[in-house]
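Just below is one structure, and these are the notes that go with it.
Lettering follows sequence order; numbering is per chain, from 1. Values below: every heavy atom of this structure, side chains too, minus hydrogens, waters and symmetry copies. Remember, predicted model here, so these are calculated numbers, not experimental data.
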Number of protein chains: 2
Amino acid sequence: MATETVENYIKALYALCRESPSGEAGVARLAQELGVTKGTATSMIKRLSLARLVKAEPYSGIALTAKGNKIALDVMRRHRVIETFLVRILKLDWADVHEEAERLEHALSPRILDRLDHFLGRPSTDPHGDPIPDAAGNVSEARSKPLAKCRARERVCIVRIKDQNRAFLKFAADSGFMPGVNLVVQSVSPQAASLIVRAARRKPVTLSQIAAAKILVKVI
Amino acid sequence: MATETVENYIKALYALCRESPSGEAGVARLAQELGVTKGTATSMIKRLSLARLVKAEPYSGIALTAKGNKIALDVMRRHRVIETFLVRILKLDWADVHEEAERLEHALSPRILDRLDHFLGRPSTDPHGDPIPDAAGNVSEARSKPLAKCRARERVCIVRIKDQNRAFLKFAADSGFMPGVNLVVQSVSPQAASLIVRAARRKPVTLSQIAAAKILVKVI
DNA sequence: CAAAAAAGTTTGACTACTCAAACTTTAATT
DNA sequence: AATTAAAGTTTGAGTAGTCAAACTTTTTTG
Ligand SMILES: [Mn+2]
Ligand SMILES: [Mn+2]
Ligand SMILES: [Mn+2]
Ligand SMILES: [Mn+2]
């Protein structure tokens, strides 16, 4: 079994590889993500490489192996099932569950994970709309586009919030932006790099393109 | 926050102090309980002593300080609330939950613990009848006596099984011995150091005094 | 392209935890 | 009381994870 630290590194690497166009992660960002020094991250990469969880050459990019990928998906599955449980059953705040799940994800046995997943009715997404990989590691991401790419007068439905930051999630919830909520794009201002959207029975909200890029929607 | 290892040592020390007539624990038993060598246990005791969690003189007994006691009760609370959740909600096997809780108990934040406890209706005992300390650390142990001390023809109710061992719990459950179950002591044989008891709608079972000592009952 | 900045690596040191094996002290037996 | 067994301690070594700081390589930019 991978240690808690290793699981955190692997999960961070997975996310970094996803969001990088080259599909490879770098030591600096990895270290930043995990709150450690670059030297620490380098030595961990060396160990992960030795354990065949990542492929990495000195001074070049880092990529997960199939083995590493499997671990990443498994940790993400645990993380998201826990978040779902915390919100749906224990009624914890939507904005807080990420940090709580960050610790719990390492303590869940396969048996408990499956029971929990079954108890929740095999959910396909977590409370933020993030897809939950199934037990075999298959992820089915719903088709969607960033709210930032929408045109004026478009009517859309929020499917996912791509930011785990508590402050942003708090803001999103306060503004009524949660998965399943319908929005109307009132206007788009390319010059100001912002757009105005409105949820049902809500005041219009102005969002920067940066914020709007974190909100994934589907057209309705 | 105390580390996972420290929490396990403290919890083991609590149990050992309880069951020792002197109220003090020894290094040899502690090491055995945790599956480490005596040397490892000795060095940990030195560290716990430095952190004021135990009081210990070289070559003499070990006792928890008030601070150590508080940690022990807190870990036990987490452990038992989790066990209750696993049995009542996730329907895990009564005999398996102890080992599962052993890992989870270290990953539960105060917030989640309280939510879980609330969700379960503030249970006062876990599935094995072990009392659950409240948030302030108060434990209310129900009056009881070991089944081994019962006389022939006594009618009693099981309140607690004092053994976490999976094989024993499996045997107990198979024989119908669980908290809340009523028993009739059919006969007692001091020579054979055994007794025969019967639960409702069950065949009589012969128990050695050693096994019967692990089953706490109250007279009805 | 040369200088500066950023990214990545190495080294030496530290904490937490562990073991094996030698050793010392205390307790139990003969 | 002397011997032996059990309990407890010490030492030396090893793994996992971390930092600070010096260093090297790559990338960016004037
Ligand atoms: Mn984590
Ligand atoms: Mn999430
Ligand atoms: Mn434990
Ligand atoms: Mn229990």
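- If you take CE of Met1(B) and P of dT15(C), they are 22 Å apart, rounded to a whole angstrom.
- Note: CG (Leu50(B)) to P (dT15(C)) measures 12 Å, nearest angstrom.
- A straight line from CD1 of Ile45(B) to P of dT10(D) spans 13 Å, rounded to a whole angstrom.
- The NZ atom of Lys46(A) sits 10 Å away from the C1' atom of dT11(C) (whole-angstrom rounding).
- The CH2 atom of Trp94(B) sits 14.5 Å away from the CG atom of Leu86(B) when rounded to the nearest 0.5 Å.
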| request: Mark up nucleotides 18-24 of chain C, 5' to 3', with B wherever a protein heavy atom is under 4.0 angstrom from a base atom, S wherever such an atom reaches only the sugar-phosphate, and - elsewhere. | output: BBS---B
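- Spacing between atom CZ of Arg29(B) and atom C1' of dA6(D) amounts to 14 Å, rounded to whole angstrom units.
- Rounded to whole Å, the distance from CD1 on Ile10(B) to P on dA16(C) is 15 Å.
- Side-chain atoms of His79(A) and His98(A) include a donor-acceptor pair closer than 3.5 Å.
- The shortest non-hydrogen separation linking Ala107(B) to Leu104(A) is O-CD2, 3.6 Å.
- Between Leu34(B) atom CG and dG8(D) atom P the separation is 14 Å, expressed in whole Å.
- No side-chain donor from either of His128(B) and Asp163(B) sits under 3.5 Å from a side-chain acceptor of the other.
- Atoms CD and CG, on Glu83(A) and Asp96(A) in that order, are 11.0 Å from each other to the nearest 0.5 Å.
- A salt bridge is absent between Asp74(A) and Lys70(A): the closest approach of a Lys/Arg side-chain nitrogen to an acidic carboxylate oxygen does not fall below 4.0 angstrom.
- Remark: P of dT26(C) and CD of Glu57(B) are 12 Å apart, rounded to the nearest angstrom.
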